[in-house]
Amino acid sequence: MNKLFLGAVTLLLAATSQVSRADDTVERGRYLSVAADCAACHTAPKGGQPYAGGYAITSPLGDIWASNITPSKTHGIGKYSEADFAKAVREGVRKDGAHLYPAMPYTSYAKLTDEDVHALYTYFMQDVKPVDAEARQTDLPFPFNIRASMAVWNLLYLDKATFKPDPSKDAQWNRGAYLVEGLEHCSSCHTPRGLMMQEVGSQAFAGGSLGDWYAPNITSDKIGGIGGWSDAQLAQYLKTGRVHGLAQAGGGMAEAVTNSLSKLHDEDIAAIVAYMRSVPAVAEPGASKAAFAWGDAVKAPGEQPVRGTDASPSSGGVLYSGLCASCHGAHGEGSKDGYYPSLVHNTTVGLARPQNLLAAIAKGVDREVGGEHVLMPHFSEGSHVQPLTDAEVASVATYVRTNFGPGDQVTAEQVAHMRAGGDKPLLASVPRLMLPAVIIGVLVLLALVLLVRRARAEKNKNKHNKASA
Ligand code: HEC
Ligand code: HEC
Ligand code: HEC
């Protein structure tokens, strides 16, 4: 009887420890999915079912719709084995063999360890609710609808090596590298893209246009990047999306903070900070002073803002007093509690490119951290405050830049360009009919470059072999 009892207890204990180990894996997978921000793209905005797809990533080539990645057997990834899942996440190849577009950041996720892919898979299969509904399909124009062309692209630009810690660096730095380069895929926004939409490695984190918003230079450059920020400021920015008298997170950064960064453990934030400190400095064209350092011009009490104060209703000064001053203060000083940020000593106002100032006015700001919702109204079509024309946005932005920033003139053309989706890579601006020829030309060129490189590597190897013989 006693033996039976003991046996039962042992079995029960074994079973619960099995269960808790499986639970641990699910919990780890959940945390990883937050760090990798899978929901940002795979969940439709405003109450979409978790991971059921329906969010469009706007690319210069057209909208790319994120898939349903719930474990639905009919419309999701319910039939994916762990190997299928790993191939999709790290190599950008679907179960049916079709290639994914790099709007899915598999070039970053390629760094994920087998262990982490396993935990992610376990979480998706065991804990995510299946949704049997079709997500919208992507339909890019010819020739971009030929998914097989991505195989060539991958050959050139996908580094399949999973993350290998650098033994010359400490554990914190390595954790940071893994988070920044892999899970958090910071470079997918902050690194400029080249002709073929690839990230330009030599310019890592030097800034990239996302269309309307611009992901600024976050290299360690003291003037062009974030070299002048303290560790504490950087950690607070990532965790909360705002540092009074320095910067706020709008656009895609607000989404990254809301869905991912604000939910990371403090040690992981510290690791990201440690890694970002070591990113080589890249200078920012046109920056003569750190973006946060502008704005002392009108700090003296009683001093009046300068230009743009003529009385016409579309003058920058009149627009600023009527539309902005109620929240940001007549002198751009913001509110005392910091809820409404100061526009003096504000990177968005002081960056060499005015793009994010224009995007903030045209699109507003929307971020949620720890239950607190931060909202700035937008001033475009449908604004509940007042829709502004391109010329009016330019005029109020010029007023803001003149008084609180680097003092350049913003033109209506710059606003129109931002509203139309910003800079496009060369590839998208070539007339449609010429595209196949251009692509083939570029691929041939790249293939040649690769051949030459390989030949050189062979030569070096031979030399080396000879030397060591
Ligand atoms: C920046 C946006 C973005 C993020 C973040 C993202 N994905 Fe995706 N994902 C996409 C897009 C877009 C597609 C569809 C691409 C296409 O149709 O070529 C996709 C496709 C997939 C597919 C292929 C499914 C199928 O059969 O069509 C899987 C699996 C997947 N993602 C898993 C994940 C996981 C897991 C994460 C987090 C670790 C993640 N994704 C994060 C954008 C994203
Ligand atoms: C989805 C695109 C996206 C991703 C992913 C992203 N960022 Fe950003 N980031 C932006 C944008 C856009 C801004 C500008 C926000 C603003 O000014 O309101 C920004 C701003 C910043 C700033 C402030 C720069 C300044 O001068 O004000 C820092 C620092 C930063 N990001 C770091 C990171 C790090 C570290 C990661 C990865 C953990 C990351 N970002 C991931 C888009 C992104
Ligand atoms: C109803 C109050 C309100 C009004 C009106 C308003 N703002 Fe804002 N503004 C905010 C809030 C709230 C934020 C976000 C603060 C944060 O991110 O923590 C913000 C952020 C900003 C930012 C920083 C955006 C970023 O992402 O870095 C700029 C620049 C800005 N506002 C300029 C303006 C200008 C110019 C106007 C007038 C055309 C204006 N605001 C009108 C409340 C307002």
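Reckoned from all heavy atoms, side chains included, excluding hydrogens, waters and symmetry mates. Indexing begins at 1, ligand by ligand and atom by atom, following the structure's order. Only a predicted model underlies this, so the values are computations on that prediction, with no experimental measurement involved.
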- Would a 4.5 Å heavy-atom cut-off, applied to side chains only, mark Leu319 and Leu388 as touching? yes
- Message: Working note: Lys239 + Asp266, criterion salt bridge (charged side-chain N to carboxylate O under 4.0 Å, His left out); need CA distance, chi angles, decisive distance, verdict.
- Response: CA-CA 8 Å; Lys239 189 93 192 162; Asp266 289 347; 3.1 Å; yes
- Protein N/O/S atoms closer than 2.8 Å to atom 8 (Fe) of ligand 3: His328 NE2, Met376 SD
- Find all atoms of ligand 3 within a distance of less than 4.0 Å from any non-hydrogen atom belonging to Arg367, and give their numbers and elements. 16 (C), 17 (O), 18 (O)
- Query: N/O to N/O below 3.5 Å, does that happen between Gln248 and ligand 2?
  - Reply: yes
- Query: Does the N or O separation between Thr348 and ligand 3 drop below 3.5 Å for any pair?
  - Reply: yes
- The atoms of ligand 3 lying under 4.0 Å from a heavy atom of Val374, numbered in the order shown, are 14 (C), 15 (C), 16 (C), 17 (O), 18 (O)
- Hey, which atoms in ligand 3 end up nearer than 4.0 Å to a heavy atom of Leu323? 5 (C), 37 (C), 41 (C)
- Validation row: Val131, Ser72 side chains within 4.5 angstrom (heavy atoms): no
- Under 3.5 Å between some N or O of ligand 2 and some N or O of Thr347? yes
- Query: Sequence neighbours excluded, which residues qualify as ring pair (Phe, Tyr, Trp, His ring centres under 6.0 Å) partners of Tyr31?
  - Reply: His265
- Looking only at distance, does His190 have an N or O less than 3.5 Å from an N or O of ligand 2? yes
- Message: Within ligand 3, which atoms have a heavy atom of Leu357 less than 4.0 Å away?
- Response: 29 (C)
- Item | Within 6.0 Å of NZ in Lys95, more than 12 heavy atoms from elsewhere | yes
Measure from every N or O atom of ligand 1 to the protein's N or O atoms and keep only the pairs below 3.5 Å, writing each with atom names and distance to 0.1 Å.
residue	atom	partner	partner atom	Å
ligand 1	7 (N)	His42	NE2	2.8
ligand 1	9 (N)	His42	NE2	2.8
ligand 1	17 (O)	Arg147	NH2	2.9
ligand 1	18 (O)	Tyr101	N	2.8
ligand 1	18 (O)	Arg147	NH1	2.7
ligand 1	18 (O)	Arg147	NH2	3.4
ligand 1	26 (O)	Tyr80	OH	2.5
ligand 1	27 (O)	Ser67	OG	2.9
ligand 1	31 (N)	His42	NE2	2.9
ligand 1	40 (N)	His42	NE2	2.9

Distance-only donor-acceptor pairs under 3.5 Å for side chains of residues 199-212, two or more places apart:
residue	atom	partner	partner atom	Å
Glu199	OE1	Ser187	OG	2.8
Ser209	OG	Gly211	N	3.4
Ser209	OG	Gln355	NE2	3.3
Asp212	OD2	Lys363	NZ	3.4

- Are Tyr121 and Met125 close enough that some pair of their side-chain heavy atoms sits under 4.5 Å apart? yes
- Task: Decide yes or no on salt bridge (charged side-chain N to carboxylate O under 4.0 Å, His left out) for Arg28 and Asp116, but give the supporting numbers first.
- Result: CA-CA 8 Å; Arg28 249 170 45 76; Asp116 281 358; 3.3 Å; yes
- For Pro377, the ligand 3 atoms whose distance to one of its heavy atoms is below 4.0 Å: 1 (C), 3 (C)
- Task: Record the part of Ala249 in heavy-atom contact with ligand 2 below 4.0 Å; permitted values are side chain, backbone, both and neither.
- Result: backbone
- Does Tyr214, backbone or side chain, put an N or O under 3.5 Å from an N or O of ligand 2? no
- Report the C-alpha separation of Tyr55 and His42 in whole Å, then their side-chain angles, then the decisive distance to 0.1 Å, and conclude whether the ring-ring contact (aromatic ring centres under 6.0 Å, His included) test is met. CA-CA 6 Å; Tyr55 180 92; His42 286 282; 9.4 Å; no
- Item | Verdict with reasoning, Glu381 to Arg419, per salt bridge (charged side-chain N to carboxylate O under 4.0 Å, His left out) | CA-CA 11 Å; Glu381 200 63 41; Arg419 277 182 161 158; over 6 Å; no
- Message: Any heavy atom of Trp213 closer to ligand 3 than 4.0 angstrom?
- Response: yes
- Message: As an exercise, identify every atom of ligand 2 less than 4.0 angstrom from a heavy atom of Gly250.
- Response: 15 (C), 16 (C), 18 (O)
- Message: As an exercise, identify every atom of ligand 3 less than 4.0 angstrom from a heavy atom of Arg242.
- Response: 18 (O)
